Amino acid sequence: ISTSHLQLAAFALGTIGWILCTISMGTVEWRVWYVDNTTIISSGIAWVGIWKVCFISYLHVSPGYKEQFCHKFSGYDFSIPHEIYAAQGLLLIAMFMGLLGLTATIIALKNIYMGITHKNLITRFFLVGGFFYIFAGLCVLIPVSWNFYSVTRNQSIAFPPSYYVPSSPAVQEAGAAIPIGIVAVILLLLSGTFSLSYRFPVTANTIMK
């Protein structure tokens, strides 16, 4: 048990990283667009996520009240850039891979804390968990980096007219989902490294099965 403290930390970091990956995927604030025309986008701010674009409008509501309008992206919106669709697929893969990594780590830790000294079983599950963590971290890193690059280049998106969002903002900045994703990447890569570093202790009193 004393030799698996780092792997226990890997499980904790992997759990937090997996949760942050999920939060990042569901957060709409990937890109924050500031627009000049506030006729429909009353606040002058639109939030572009990987699943939908949202903005606040005072139209068709009582004075003093605001309503958030969201338009979900569909597979038929060919104007939506590739980095957004890539983020959808890669983050779903990252969630699945992270869950597999957590499962493998739980099995290995369970064997250790129950006193089962099956060297090959424990070592292999830590190795498998480590690879899953790292793969999940890379799947998060690609869309986060790609979308952040698009923000720094102030790239436009030709939204369909039904979205009521201009194709180019006056200025844009990275939303909260990107730093959350970066933290998730760091934690997942750390947990993967810790899991891969496990070495089964060999002592005279250890019975190998």
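What you see is a predicted model, and the numbers here were worked out from it, not measured in a lab. The basis for the numbers below is simple: all heavy atoms, side chains too, and nothing from hydrogens, waters or symmetry mates.
Interatomic distance, CD1 of I84 versus CD of Q88, reported as 8.0 Å (0.5 Å rounding). Atom CD1 of residue I56 and atom CD1 of residue I40 lie 15.0 Å apart, to the nearest 0.5 angstrom. If you take CG on L92 and CD1 on I50, they are separated by 7.5 Å, rounding to the nearest 0.5 Å. Rounding to the nearest 0.5 angstrom, the gap separating the CH2 atom in W33 from the CG atom in N154 is 8.0 Å. Taken to the nearest 0.5 Å, the CZ atom of R153 stands 13.0 Å off from the CZ atom of F148. Between the OG1 atom of T27 and the CH2 atom of W47 there is a distance of 13.0 Å, given to the nearest 0.5 Å.
Closest non-hydrogen pair, I134 versus L189, comes out as O-CD2, 3.9 Å. F125 approaches A108 most closely through the heavy-atom pair CB-CB, 3.8 Å. Across all non-hydrogen atoms, the minimal contact from V140 to A94 is CG2-CB, 3.6 Å. For the pair L20 and A184, the tightest heavy-atom approach, listed with the atom from each and the gap, is CB-CB, 3.8 Å. Considering all non-hydrogen atoms of both residues, I41 and I45 come closest at CG2-O, 3.4 Å. Across N147 and A87, no two heavy atoms sit closer than the pair ND2-CB, 4.1 Å.
Residues F96 and L102 fall into different hydrophobic clusters, defined by Ile, Leu, Val, Met, Phe, Trp and Tyr side chains chained together at heavy-atom separations under 4.5 Å. Using a 4.5 Å cut-off between side-chain heavy atoms of Ile, Leu, Val, Met, Phe, Trp and Tyr, with links allowed through other members, L99 and L141 fall into the same hydrophobic cluster. With hydrophobic clusters built from ILVMFWY side chains whose heavy atoms lie under 4.5 angstrom apart, M95 shares a cluster with F11. Residues I93 and W146 do not share a hydrophobic cluster, clusters being chains of Ile/Leu/Val/Met/Phe/Trp/Tyr side chains in contact below 4.5 Å. Under the 4.5 Å side-chain heavy-atom criterion for Ile, Leu, Val, Met, Phe, Trp and Tyr, I106 and I16 are members of the same hydrophobic cluster.
Looking only at side-chain heavy atoms (C-beta outward), Y34 and E173 come within less than 4.5 Å of each other. Counting heavy atoms from C-beta on, the side chains of I178 and R31 never come closer than 4.5 Å. In this structure, the side chains of L127 and L196 come closer than 4.5 Å at one or more pairs of heavy atoms.
No donor-acceptor distance shorter than 3.5 angstrom exists from the side chain of W30 to the backbone of W51, with no hydrogens or angles considered. Listed for the S191 side chain is a donor-acceptor partner under 3.5 Å among the backbone atoms of L188. Not one N or O on the side chain of S24 forms a donor-acceptor pair closer than 3.5 Å with the backbone of C21.
Crowding of Y85 atom OH: a count of heavy atoms from other residues, nucleotides or ligands under 6.0 Å exceeding 12.
Here the rule is side-chain contact (heavy atoms from CB on, under 4.5 Å) with L8, and of T105, L109, L13 only L109 fits it.
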I'd like to know whether Y164 forms a side-chain contact (heavy atoms from CB on, under 4.5 Å) with F55, so could you lay out the CA-CA distance, the side-chain angles of the two residues, the decisive distance to 0.1 Å, and finally the verdict.
CA-CA 10 Å; Y164 300 107; F55 57 86; 4.3 Å; yes
Solution key, residues 155-163 side-chain donor-acceptor pairs under 3.5 Å, sequence neighbours excluded:
residue: Q155; atom: OE1; partner: S150; partner atom: OG; Å: 3.3
residue: Y163; atom: OH; partner: K72; partner atom: O; Å: 3.2
residue: Y163; atom: OH; partner: D77; partner atom: OD2; Å: 2.6

